[in-house]
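Computed from a predicted structure; not experimentally measured. Chain naming here is simple, since letters A, B, ... match the order of the sequence lines and numbering starts at 1 in each.
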Amino acid sequence: MVYLYLLATLLFVVGIKRLTSVKTCRQGNRISELGMLVAIVAVLAISGDGANWWIIVAGLLVGAGAGAYIARITKTTQMPEMVAALNGFGGVASALVAMAFLLIDPLLKDPDRSLIDTGLVNAISTPATILIGMVTLTGSFVAYFKLAGKKMAHPLSGAQRHMLHAALALGAIALGTWQVLTGSHTAMTVATILLALVAAALGVFLVMPIGGADMPVVVSLLNSYSGIAGAAAGFVINNPLLVVVGALVGTSGLILTQIMCKAMNRSLGNVLLGGMGEETVAKDAKDYKSIKSTTPEEVAMLLDGASSCIFVPGYGLAVAQAQHVVRELADLLQKRGCQVRYAIHPVAGRMPGHMNVLLAESDVPYDQLWEMDRINSDFKNTDVVIVVGANDVVNPAAREQTGPIAGMPILDVDQARTVVVIKRSLAPGYAGIKNPLFDLDNCLMVFLDAKEALEGMVKEVKDLK
Amino acid sequence: MDSTFLLIFTFAIASLLGFELINKVPPTLHTPLMSGSNAISGITVVGALLCARSGEGLLSQLLAFLAIVFATINVVGGYVVTDRMLAAFKKKGKEK
């Protein structure tokens, strides 16, 4: 029966591996689902004796029902924040496992024993699991709200903020040490509860100051944390399957986090300290000097004479559910002999790859999706660039030496002959700063909802003859 | 060799394996991969199931029940969301 643990682990490894290639990704997810099924069957088969089946069956049913329901009602645009929320649930589950085991551990039934008597590694793993699990829970939910577009400002700033974080971290370590060493079970319970609360507060305050644009990196990192929390819980209850799979998810999450940081040309430390993150709320439209507004009709005339066109999709396109209309317009232009491509910024949308998922949904051919590095040198030879609901990823302010998004790689849309920006207003983007692109001579603004604007263009282009 | 050492040993090897597993991922798959591995991190459901012992106190039973519920939400929700993301790619495969 224990060999089922090995089988489950192998299925997870193969599953993750297959998830990294477009051809095999669906199969990979199926294999990993199978791995989870084997893992659950294995643990029930091995430890079925003395199990409380009522709790097990009820828990699995409630969890599976709620999970499937939440996942089904989620819109494609909301998937990034949903991943964040689900990740929080995983984190708190690990913390609960560590807490429950304090009451179950046969050794601790003896009132004279303290946690340290269970062995150093197991003893340290208990507060570690609670700490990481609770930070994952509250951090993930702050990330969830931020991805959903809610603003949350940190109550403190500068040195005071770092002191608060340091105090909470030190407090957590002190409480963890107390929990491990104390001889009194009452003290251990108090330490456990306080540790959970302090860790929860730490998770909130750590993620709060990080700006919305950096949230994908944070979610990826928290995903890695929940893996590590799982592995730590494995040490608490002495279960090899939990240790192995938790470690796998923990480290692969770290690698993915690193890849994302690279895409944004930022170091992880920079992100976590909230360098870019400061939610500096931009000043309003009065900041702009020469905004030129236009209509879908005029854009259609512009497209009439264009031999090349690049679409730059952003989160606005996703929110407006305009991915199908954009494809319709692209097809029309292509029929008229215009070269059409899509420029995909590494963090377009709310997560790397989010935009690819959305465009794939409306059957945009792969060969029209161009990554930033491949297409950037082509903008200067392009007649019309249409930016649909993207802002920060085309903000030339990133080329400045200083500023909140300095150094972030951007799409060089300003070099095209004409840039059309479809945007509902001049409101700042996710990073919360002004975009000098809108002031340029070759930039035209269409102040409409993305779908409305694109539908207008489709109609007008059809009318062209 | 004692069991704690073996656990640390497997932890180290599994960590290395995790590092090597995904060094190359097309950007298209970053979000599905994150979501898929998020579902796998619900493996902590195994720990939760192990905590649901009969004959234990009410509090530990309650904690175990909550742990099973939350971990299962993570697992099932994670897999369904990932599947929905990947469904977009399958349609493409058929066309080719």
Side-chain angles (χ1 to χ4, degrees), chain A residues 12 16 19-20 25-26 29 32-33 36 39 43 47 50 52 55-56 59-60 62-64 66-68 70-71 82-83 86-87 89-90 92-94 96-97 99-100 103-104 121 220 223 226-227 230 233 237 240-245 247-249 251-252 255 351-354 356-357 360-361, chain B residues 4 7 10-11 14-15 18-19 21-22 25-38 40-44 46-54 56-57 59-61 63-83 85-86 88-90 92:
Chain A
F12 283 131
I16 295 178
L19 260 178
T20 62
C25 57
R26 278 210 106 195
N29 199 45
S32 128
E33 285 169 18
M36 190 61 76
V43 73
S47 316
N52 186 332
I55 288 183
I56 288 174
L60 287 175
V62 172
I70 297 171
M82 191 43 58
V83 175
L86 291 171
N87 190 49
F89 286 126
V92 73
S94 292
L96 288 169
V97 167
M99 292 184 205
L103 302 162
I104 295 171
V121 175
S220 177
N223 186 31
S226 71
I237 62 170
L241 183 61
L242 210 42
V243 170
V244 171
V245 181
L248 263 180
V249 177
T251 47
S252 63
I255 294 289
M351 297 247 166
H354 186 201
N356 303 64
V357 172
E361 197 188 56
Chain B
T4 307
L7 279 185
T10 42
F11 177 77
S15 302
F19 275 126
L21 251 188
I22 65 150
V25 196
T28 325
L29 287 177
H30 283 177
T31 300
L33 178 64
M34 187 199 286
S35 176
S37 59
N38 169 49
I40 299 177
S41 72
I43 186 70
T44 197
V46 164
L49 292 172
L50 286 172
C51 288
R53 315 301 299 171
S54 51
E56 296 290 340
L59 182 59
S60 84
Q61 308 253 22
L63 291 175
F65 174 73
L66 289 176
I68 296 175
V69 170
F70 287 136
T72 314
I73 290 179
N74 188 187
V75 169
V76 175
Y79 279 127
V80 174
V81 165
T82 313
D83 227 40
M85 289 180 187
L86 295 176
F89 297 111
K90 190 192 129 210
K92 288 242 110 58

Check: In terms of heavy-atom pairs under 4.5 Å, which option from A:Ala100, A:Gly90, A:Gly50, A:Ser47 contacts chain B the most?
Finding: A:Gly50

Notebook entry, point to check: Do you know which two heavy atoms are closest between B:Ile43 and A:Phe12, and how far apart they sit?
Noted result: CD1-CE1, 3.8 Å

Checklist line | Closest non-hydrogen atom pair, B:Ala14 against A:Leu248 | finding: O-CD2, 3.8 Å

Note to self: Among A:Ser94, A:Ala66, A:Gly230, which residue has the highest count of heavy-atom pairs closer than 4.5 Å to chain B?
What the structure shows: A:Ser94

Margin query: For B:Ala67 versus A:Ala93, what's the shortest heavy-atom pair and its separation?
Written below: O-CB, 3.6 Å

Checklist line | Region of A:Met99 in contact with chain B, defined by heavy-atom distances below 4.5 Å | finding: both

Margin query: Applying side chain to side chain donor-acceptor pair (under 3.5 Å), can you list everything that pairs with A:Ser32, at least two apart in sequence or on another chain?
Written below: B:Tyr79

Next item on the list: Mind listing the closest non-hydrogen atom pair of B:Ala48 and A:Val97 along with its distance?
Entry: N-CG2, 3.5 Å

Check: Looking at residues at least two apart in the chain, or sitting in another chain, which of them share a side chain to side chain donor-acceptor pair (under 3.5 Å) with B:Thr82?
Finding: B:Ser35

Notebook entry, point to check: Quick check: does any side chain N or O of A:Thr251 sit under 3.5 Å from a backbone N or O of B:Ser15, one acting as donor and the other as acceptor?
Noted result: yes

Notebook entry, point to check: Side chain, backbone, both or neither: which part of A:Leu19 has a non-hydrogen atom closer than 4.5 Å to chain B?
Noted result: both

Checklist line | Side chain proximity check, A:Ser252 to B:Leu21, heavy atoms < 4.5 angstrom | finding: no

Next item on the list: Looking only at non-hydrogen atoms, find the nearest pair between A:Glu33 and B:Asp83 and report the distance.
Entry: OE2-OD1, 3.9 Å

Check: Using non-hydrogen atoms only, which part of A:Val92 is less than 4.5 Å away from chain B: side chain, backbone, both, or neither?
Finding: side chain

Check: How many angstroms lie between atom CZ of B:Arg53 and atom CD1 of A:Ile104, to the nearest 0.5 angstrom?
Finding: 8.0 Å

Item checked: Residue among B:Thr72, B:Val76, B:Thr4 with most heavy-atom pairs under 4.5 Å to chain A -> B:Thr72

Notebook entry, point to check: If you count heavy-atom pairs under 4.5 Å between each of A:Leu242, A:Leu103, A:Leu96, A:Asn29 and chain B, which one has the most?
Noted result: A:Asn29

Notebook entry, point to check: Is the closest side-chain heavy-atom distance between B:Ile68 and A:Ile56 below 4.5 Å?
Noted result: yes

Next item on the list: Let me know if B:Gln61 has heavy atoms under 4.5 Å from chain A in its side chain, its backbone, both or neither.
Entry: both

Item checked: Worked check of side chain to side chain contact (heavy atoms under 4.5 Å, CB included) between A:Ile70 and B:Ile73 -> CA-CA 9 Å; A:Ile70 297 171; B:Ile73 290 179; 4.3 Å; yes

Checklist line | Closest heavy-atom pair and its distance - B:Met34, A:Ser220 | finding: CE-CB, 3.6 Å

Item checked: Per-residue contact mode, A:Leu60 against chain B (heavy atom under 4.5 angstrom) -> both

Checklist line | Residue among A:Ile237, A:Val121, A:Asn87 with most heavy-atom pairs under 4.5 Å to chain B | finding: A:Asn87

Notebook entry, point to check: Among side-chain atoms of B:Ser37 and A:Asn223, is any donor-acceptor pair under 3.5 angstrom?
Noted result: yes

Notebook entry, point to check: So which of B:Leu7, B:Leu50, B:Leu33, B:Val81 has the largest heavy-atom pair count under 4.5 angstrom toward chain A?
Noted result: B:Leu7

Next item on the list: Could you have a look at A:Ile55, A:Val244, A:Val43, A:Val243 and say which one has the most heavy-atom pairs with chain B under 4.5 angstrom?
Entry: A:Ile55

Margin query: What part of A:Val249 gets within 4.5 angstrom of chain B, counting heavy atoms only: side chain, backbone, both, or neither?
Written below: side chain

Next item on the list: Just give me the residue among A:Val62, A:Leu241, A:Val245 that pairs up with chain B most often, heavy atom to heavy atom, under 4.5 Å.
Entry: A:Val245

Note to self: For chain A, which candidate among B:Gly78, B:Ala64, B:Gly77, B:Gly42 shows the most heavy-atom pairs at distances under 4.5 Å?
What the structure shows: B:Gly77

Next item on the list: Mind ranking B:Leu66, B:Leu59, B:Leu63, B:Val75 by heavy-atom pairs under 4.5 Å with chain A and telling me who comes out on top?
Entry: B:Leu63

